Amino acid sequence: MTGFADLGYARVDTDREARQGLPEVVYAPGKQPSEITGIVTELLARSTGPVLVTRLDADTAAQVRVPGGDYDETARLLVWRPAQPRPFRVCIATAGTADWPVAAEAEAVCTAIGLTTHVVRDVGVAGIHRLLAAREDLARADAVIVVAGMEGALASAVGGLVACPVIAVPTSTGYGAALEGVTALLAMLTSCAAGLTVVNIDSGFGAAMAAHRLAHTAAGLR
């Protein structure tokens, strides 16, 4: 048994669901609609869980010839067979409205794979009272995804308020010295709130998958 299906242009990881609890996720950029169609078709045939295509623009999504998919234009996500909700609770907190597209990806992926989500929007540290007003929402979560650009300070503030895992997503939001997310990334990596998990710039998907791994392990499914 090879554990993958060789389509010529892609080797689809058919063992991913058994290893990690979810089928392989398809990253759209660089792929032709026909290639996405072929990979999705194979995944639907060889797995039982949700099948996701990420970073997909609306025009390309319309050319994917697999029925039953649900497209979210803001999150740029195409989903088949979304999972039933699980009790693992993820709170997604954004520093500002400009961070929402990245947070939307995190929320949509979390929802598609069955995590229970709650969103707290626009609670950046420039008005710290807004964050404190959401403290109970944060405290009820099993994990918090913090999405922030500029100097990335929200991740440290949340990390100091909650006991659960905090997954920080730096965004490319900000003026010149924000360096398109590098400043927020470095700030989150050097946070004095110990134990933060930091994913790549603008990677709402990466944050959602980190939350999935936590939920998968907490449920004893590894």
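Owing to the predicted nature of the structure, the values given are computational and were not obtained by experimental measurement. The figures that follow rest on heavy atoms only: side chains count, while hydrogens, waters and symmetry mates do not.
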Transitively linked via ILVMFWY side-chain contacts under 4.5 Å: [X] with [Y]?
{"X": "Leu196", "Y": "Leu138", "value": "yes"}
{"X": "Val26", "Y": "Trp80", "value": "yes"}
{"X": "Phe4", "Y": "Leu43", "value": "no"}

Whether [X] side chain and [Y] backbone form a donor-acceptor pair below 3.5 Å:
{"X": "Thr37", "Y": "Arg65", "value": "yes"}
{"X": "Thr14", "Y": "Gly3", "value": "yes"}
{"X": "Arg130", "Y": "Gly127", "value": "yes"}
{"X": "Tyr27", "Y": "Val53", "value": "no"}
{"X": "Arg86", "Y": "Ile113", "value": "yes"}
{"X": "Asp57", "Y": "Thr60", "value": "yes"}
{"X": "Glu17", "Y": "Pro23", "value": "no"}
{"X": "Arg89", "Y": "Arg140", "value": "yes"}
{"X": "Tyr71", "Y": "Leu56", "value": "yes"}
{"X": "Glu24", "Y": "Asp13", "value": "yes"}

Please round to the nearest 0.5 Å and tell me the distance separating atom CG of Leu185 and atom CG of Leu189. 4.5 Å

Pairwise side-chain contact, [X] with [Y], heavy-atom cut-off 4.5 Å (strictly under):
{"X": "Val199", "Y": "Phe205", "value": "no"}
{"X": "Val120", "Y": "Cys91", "value": "yes"}
{"X": "Phe88", "Y": "Thr116", "value": "no"}
{"X": "Arg46", "Y": "Val12", "value": "no"}
{"X": "Arg81", "Y": "Ser47", "value": "yes"}
{"X": "Leu78", "Y": "Val64", "value": "yes"}
{"X": "Asp70", "Y": "Pro82", "value": "no"}

Could you go through the side chain to side chain contact (heavy atoms under 4.5 Å, CB included) check for Leu22 and His212 one step at a time? CA-CA 9 Å; Leu22 287 174; His212 163 71; 3.6 Å; yes

What do the steps show when you test Glu35 against Lys31 for salt bridge (charged side-chain N to carboxylate O under 4.0 Å, His left out), and what is the final call? CA-CA 6 Å; Glu35 294 172 338; Lys31 295 182 177 68; over 6 Å; no

Option from Thr94, Asp202, Asp99 for which side chain to side chain donor-acceptor pair (under 3.5 Å) with Thr171 holds: Asp99

How about CD on Gln63, more than 12 heavy atoms from neighbouring residues, nucleotides or ligands closer than 6.0 Å, or not?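 Enclosed.
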
